[in-house]
Amino acid sequence: MLDIKFIRENRKTVESAIKKRHEDISVSALIDIEEKRLDLLREIEVLRSRRNTVSEEIGRLKKAKQDASGLIAEMKSVSEKIKSINARLKDTDNHITSIMLTIPNIPHNSVPVGKDEYDNAEIRKWGTPGTFDFEPLNHWDIAEKLDIIDFDRASKIAGARFALMKGPGARLERALMNFMLDHNTARGYREVSPPVLVNRDTMTGTGQLPKFEADLFRTVDPELYLIPTAEVPVTNIHRNEILDEAILPLYYTAYTPCFRREAGSYGKDTRGLIRQHQFNKVELVKFVKPENSYDELEKLTADAEDILQQLGLPYRVVVLCTGDLGFSAAKTYDLEVWLPGQQRYREISSCSNFEDFQARRAKIRFRREGKKGTEFVHTLNGSGLAIGRTVVAILENYQQEDGSVIIPEALRHYMGTEAIKNGI
RNA sequence: GGAGAGGUGGCCGAGUGGUUGAAGGCAGCCGCCUGCUAAGCGGUUGUCUCGAGAAAUCGGGACCCAGGGUUCGAAUCCCUGCCUCUCCGCCA
């Protein structure tokens, strides 16, 4: 959420930001409603002030056994007036909030202006896509031959876009999860294991609601949401808190399963592990002081990149353009890993600075030493990494002509083996 | 799932419907005092918001889990929800 004061004072900036994102929201209409709200607020506060003084006076009179019926009658009408203005004020408030919650974050200056993913800009590349003496297979073909992923049975159990990991496939996910968590904790992130079902306030805090309800799985009784990423519960750890300056920056890492409806992506990546309703992910989350957040974004991205480097997986870093940028983000780097089976780079991590957008929604503040008042922290997060897609990348990049898959050096200790051969 | 208890400031804890933003204590901060430390004494310490001001600050409003209601007036009474705790049942 943006600051309504900021919107009033920087109407042009906000309007152009909305335009760059190809959204259509009337800022002037919002400002008009805000003016109306302030009028009502001033009006009601005068009346409340009057009520407070007179009610006190009534108390004094009653204590002295004197007549207060005149004042009581007057206050009766004042109270009614307050009640009716309050109702209008509440409506106006709700109206403003409902608009505010749908206004996206303002892209950072360094974010390229563009329409869609084709306008994203490549920042750097690491590694070279390997060459094969044979036709490299898709990961689902590799997995089928090795009998380590069973999509047919998964769809019997749950439906399309689910996977059943078997034997070394299941082990590979577990190895990656441990490898990533160890990697991240060694870099100063505190490991947490949060709830994966969360309430509405939590989903609103990070920006999934109210706009993206259709992307989420929801339970009926009680009404809870399945998290689409650990960003949601982990960022909300500090919702409605005022943090001491001294504990910042705070780094967290969490492994969780993630759940996405994938509404609107029918026909996309229907085969394989790339796009699932349920997938595993290790996430990185930071709470930092505003002046450091862009340095922290570079560091967070580097932390995620290091995982790919240790796994020896070629990748590139792209900065998302304004049209592809997520609703809550001010700037995002995507890490895209090379997939020989598709002969292209595919997203495996997304690292974003939300500035104070989520912090304002979730009321996550901090107090500076020796200074009065509070400020919003800046929040960041990134995948470190999406485990399912890492499995895909390993299978495809490390596949051998005989159908086996070599396990990257860094993972062998966790995997307990150097290669996945048929069934073992 | 059944029965009961409770949710007050950074923490503990009081609070007959009428100077209660909230006693008291602890912790914190600022002074004073003490050779140092401890103790002691005095003062001070929440958040959000509207208005005035260049600012320090000043004035108003709101906030005692959340949302409604009763009342001239609610932390205090009523309703709903959420959460915590105890006992029974069930259960990984």
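Residue numbers start from 1 in every chain, and the chains themselves are labelled A, B, ... in the order their sequence lines are given, proteins ahead of strands.
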Base, sugar-phosphate, or nothing: which does A/Thr374 touch, judged by heavy atoms less than 4.0 Å apart?
->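 Sugar-phosphate contact only.
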
Flag the pair [X] / [Y] as yes when their ring centroid distance falls below 6.0 Å, and as no otherwise.
| X | Y | result |
| --- | --- | --- |
| A/Phe179 | A/His413 | no |
| A/Phe212 | A/Phe327 | yes |
| A/Phe354 | A/His378 | no |

For A/Ala170, which residues count as a side chain to side chain contact (heavy atoms under 4.5 Å, CB included) partner, sequence neighbours excluded?
->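 Side chain to side chain contact (heavy atoms under 4.5 Å, CB included) check on A/Ala170 returns A/Met165.
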
When the [atom1] atoms of [N] and [M] are considered, how many whole Å apart are they?
| N | M | atom1 | answer |
| --- | --- | --- | --- |
| B/A38 | B/U20 | P | 36 Å |
| B/G68 | B/C11 | C1' | 31 Å |
| B/G9 | B/G46 | C1' | 6 Å |
| B/G67 | B/C26 | P | 34 Å |
| B/C32 | B/A39 | C1' | 14 Å |
| B/A14 | B/A23 | C1' | 6 Å |
| B/G13 | B/G7 | C1' | 14 Å |
| B/A5 | B/C79 | P | 13 Å |

When the side chains of residues 153-160 of chain A are checked against the rest of the protein, which donor-acceptor pairs come out under 3.5 Å, sequence neighbours left out?
unit_1   : atom_1 : unit_2   : atom_2 : d
A/Arg153 : NH1    : A/Asp150 : OD2    : 2.8
A/Ser155 : OG     : A/Asp152 : O      : 3.1

When the distance from [atom1] of [X] to [atom2] of [N] is rounded to whole Å, what number comes out?
| X | N | atom1 | atom2 | value |
| --- | --- | --- | --- | --- |
| A/Leu89 | B/C50 | CG | C1' | 11 Å |
| A/Asn240 | B/C82 | CG | P | 18 Å |
| A/Glu43 | B/G60 | CD | C1' | 15 Å |
| A/Arg365 | B/G46 | CZ | P | 14 Å |
| A/Arg60 | B/U20 | CZ | P | 12 Å |
| A/Glu223 | B/C82 | CD | P | 12 Å |
| A/Arg8 | B/U49 | CZ | C1' | 12 Å |
| A/Glu241 | B/G10 | CD | C1' | 12 Å |

G-U wobble or Watson-Crick pairing nucleotide for [N] (cut-off 3.5 Å, both distances):
| N | answer |
| --- | --- |
| B/G42 | B/C30 |
| B/C36 | none |
| B/G6 | B/C83 |
| B/C90 | none |
| B/G51 | B/C58 |
| B/G18 | B/C72 |

With sequence neighbours excluded, residues passing side-chain hydrogen bond (donor to acceptor under 3.5 Å, both in side chains) with [X]:
| X | result |
| --- | --- |
| A/Glu191 | none |
| A/Asn199 | A/Thr202 |
| A/Arg190 | none |
| A/Ser350 | A/Asp334 |

Partner residues of [X] under the salt bridge (charged side-chain N to carboxylate O under 4.0 Å, His left out) criterion, sequence neighbours left out:
| X | result |
| --- | --- |
| A/Glu74 | A/Arg50 |
| A/Arg271 | none |
| A/Arg11 | none |

Near RNA chain B, under 4.0 Å by heavy atom, which residues of residues 28-41 of chain A?
->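 When residues 28-41 of chain A is checked for heavy atoms under 4.0 Å from RNA chain B, the hits, listed by number, are A/Leu38, A/Leu41.
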
Just the table, please: protein N/O against nucleotides 43-45 of chain B N/O, every pair under 3.5 Å.
none

Between protein and nucleotides 61-80 of chain B, map the contacts as a letter string: B base, S sugar-phosphate only, - none, heavy atoms under 4.0 Å, written 5' to 3'.
-> SS-----S-S-BS-------

Just by modelled atom types, is the A/Leu224 backbone N or O under 3.5 Å from a matching donor or acceptor in the A/Thr219 side chain?
->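 A pair under 3.5 Å: yes.
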
Among B/G51, B/G46, B/U57, which is the nearest nucleotide to the side chain of A/Arg367?
->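 Closest nucleotide among those given: B/G46.
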
Where each residue is assigned the nucleotide of RNA chain B containing its nearest heavy atom, which of A/Arg42 and A/Lys372 is assigned the position nearer the 5′ end?
->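 The residue whose closest nucleotide sits nearer the 5' end is A/Arg42.
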
